[in-house]
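The figures that follow rest on heavy atoms only: side chains count, while hydrogens, waters and symmetry mates do not. These numbers come from a predicted model, not from an experiment.
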Amino acid sequence: MSLMRKHQQAVRVVTGVPGERIGAGAVVLGSMPAAPRGLLGGSQLGTFLSASLSEDLAALSSIASVERKIDLKRDTLIPKYRDYAARLMADGRRHELLGYYLVWCLDAGCMEEGLRVAAWAMEHGLPLPERFRASVPLFVASAVVAWAERQHDAGHDVEPYLSQAQALVEPGGEVPDKVRAGFHRLFGLRAEQGGDLPTAERELQRALELGAKVKTALDGVRKRLTREGGQAAPGTEESNAPAPGAAPDEPAGGDGAD
C-alpha cells in the first residue's frame, strides 16, 4: 500500500471525512493528512506530495466542466496544499506541486497568492509543468490580463494585482507584445474611467503601438481632451496605426484545464 493511501485511510478514520467526490470514482481529500514531521522530512516530502498530486490531477482531469474545475481548485486543492507550498518555498525546494499550485491560484482568481508563488518561481528558476507549454512570466501575464479583463467588464477593481503582475513579468523580455498590450489597454481604460484623460491617452497609445485594437477608445479619449480643454500628447494625433509588425490584440489566460 502506498504512503499516500495509508495516510488517506488514516485521515478518514480519524476525522470521518471521506473527501469530496467529484466524478465517477474520483475523490479529492479536503485536507492533507497530518503526518509526523520526521516522516515528511527530506526526500520523503517530495514523494508524499508527488503521490497526492498525481491522484488529484487524475481526479481533476475527470471533470469536463471548466467552471467545476475552478471551483475544485479554489475550494479544495488550494486550501489542501497551501501549507505544503509555503513549506517548500521556505525551504527553497523545487517541486512540481508549486507549478500546479501557481496555475490553480491564478485560475481561481487568488491573485495575491498566485503572484507571490510566481515571484518565488521566477527567482528560483522553477518552470511550469511541461503540459502548460509556457514560461512562468508568459503564463502569469496572460492569466492576469484575462482575469483583469473579466473583472473590469464586471465593474470590479483590478489593482494592485494588474500593476504588480506587469512589474513582475515585463523586465525579462519573455512576454509577447500582444500580451503586454493588454496591460496598457486596461491601464488606459481604468484611467479614462477615473477621469485621468492624459494618462488614458498615453496608455491607450502604448497599447495601440503594441498591437491592441484600441483606436476607437483612443479617439474617444482625444475628443474628450479637446472638448475639456486638454491637449493630446505631442506627436500622437496622427499616429493611430500600430507599429509595423505588431500583432493584433488577443485575450489570453489560463483555460482552467489543469
Original post:
CZ of Arg68 to OG of Ser62: how many Å apart, nearest 0.5 Å?
Top reply: 8.5 Å
**OP:** Check whether any side-chain heavy atom of Arg116 lies under 4.5 Å from a side-chain heavy atom of Cys105, and answer yes or no.
**Re:** no
Original post:
Would you say the side chains of Ser52 and Tyr81 form a donor-acceptor pair under 3.5 Å?
Top reply: yes
**OP:** State whether a side-chain donor-acceptor pair under 3.5 Å links Gln205 with Arg222.
**Re:** yes
**OP:** Can you measure from CG (Leu57) to CG (Leu77) and round to the nearest 0.5 angstrom?
**Re:** 8.0 Å
Original post:
Between Gln166 and Ser163, is any pair of side-chain heavy atoms under 4.5 Å apart?
Top reply: no
**OP:** Indicate yes or no: at least one non-hydrogen side-chain atom of His184 is less than 4.5 angstrom from one of Leu204.
**Re:** no
Subject >> Atom pair CD/CE of Gln151 and Met111 - distance to nearest 0.5 Å >> reply: 8.0 Å
Subject >> Check: Glu192 and Glu201 side chains under 4.5 Å, non-hydrogen atoms >> reply: no
Subject >> Main-chain N/O of Leu168 paired to Gln164 side chain as donor or acceptor, under 3.5 Å >> reply: no
Original post:
For Gly114 and Leu106, which heavy atoms make the closest approach, and how far apart are they?
Top reply: CA-CD2, 4.0 Å
**OP:** Check Ala134 against Leu128 and note the closest heavy-atom contact, atom names and distance.
**Re:** O-CD1, 3.8 Å
Original post:
At their closest point, which heavy atom of Val175 faces which heavy atom of Pro137, and how far apart are they?
Top reply: CG2-O, 3.9 Å
Original post:
Could you state the interatomic distance from CZ (Arg185) to CG (Leu189), rounded to the nearest 0.5 Å?
Top reply: 5.0 Å
Original post:
What do the steps show when you test Ile78 against Cys110 for side-chain contact (heavy atoms from CB on, under 4.5 Å), and what is the final call?
Top reply: CA-CA 9 Å; Ile78 292 173; Cys110 302; 3.9 Å; yes
**OP:** Write down the atom of Met122, the atom of Val169, and the distance for their closest heavy-atom approach.
**Re:** CE-CA, 4.4 Å
**OP:** Compare every heavy atom of Gly188 with every heavy atom of Ala200, then report the nearest pair and how far apart it is.
**Re:** CB-O, 3.4 Å
**OP:** Starting from the C-alpha separation in whole Å, work towards a yes-or-no answer on side-chain contact (heavy atoms from CB on, under 4.5 Å) for Glu159 and Leu162.
**Re:** CA-CA 5 Å; Glu159 293 293 2; Leu162 187 66; 3.9 Å; yes
**OP:** Identify the two heavy atoms, one from Ala148 and one from Leu186, that lie closest to each other, and give their separation to 0.1 Å.
**Re:** CB-CD1, 3.6 Å
**OP:** Would you please test Leu98 and Trp120 for side-chain contact (heavy atoms from CB on, under 4.5 Å) and show each step?
**Re:** CA-CA 9 Å; Leu98 292 173; Trp120 186 96; 3.5 Å; yes
Original post:
So do Leu102 and Val136 actually touch side chain to side chain, heavy atoms under 4.5 Å?
Top reply: yes
Subject >> Which residues share a side chain to side chain donor-acceptor pair (under 3.5 Å) with Arg74, sequence neighbours left out >> reply: Asp71
Original post:
Which residues satisfy the side chain to side chain donor-acceptor pair (under 3.5 Å) test with Arg190, sequence neighbours excluded?
Top reply: Asp157
Original post:
Just by distance, with hydrogens left out, do Asp56 and Tyr100 show a side-chain donor and acceptor under 3.5 Å apart?
Top reply: no
Subject >> Salt bridge flag under 4.0 Å for residues Asp219 and Lys215 >> reply: yes
Original post:
Roughly how far, to the nearest 0.5 Å, is the CG atom of Leu88 from the CG atom of Leu49?
Top reply: 5.5 Å
**OP:** Just say parallel, tilted or perpendicular for the rings of Tyr101 and Trp104, cut-offs at 30° and 60°.
**Re:** perpendicular
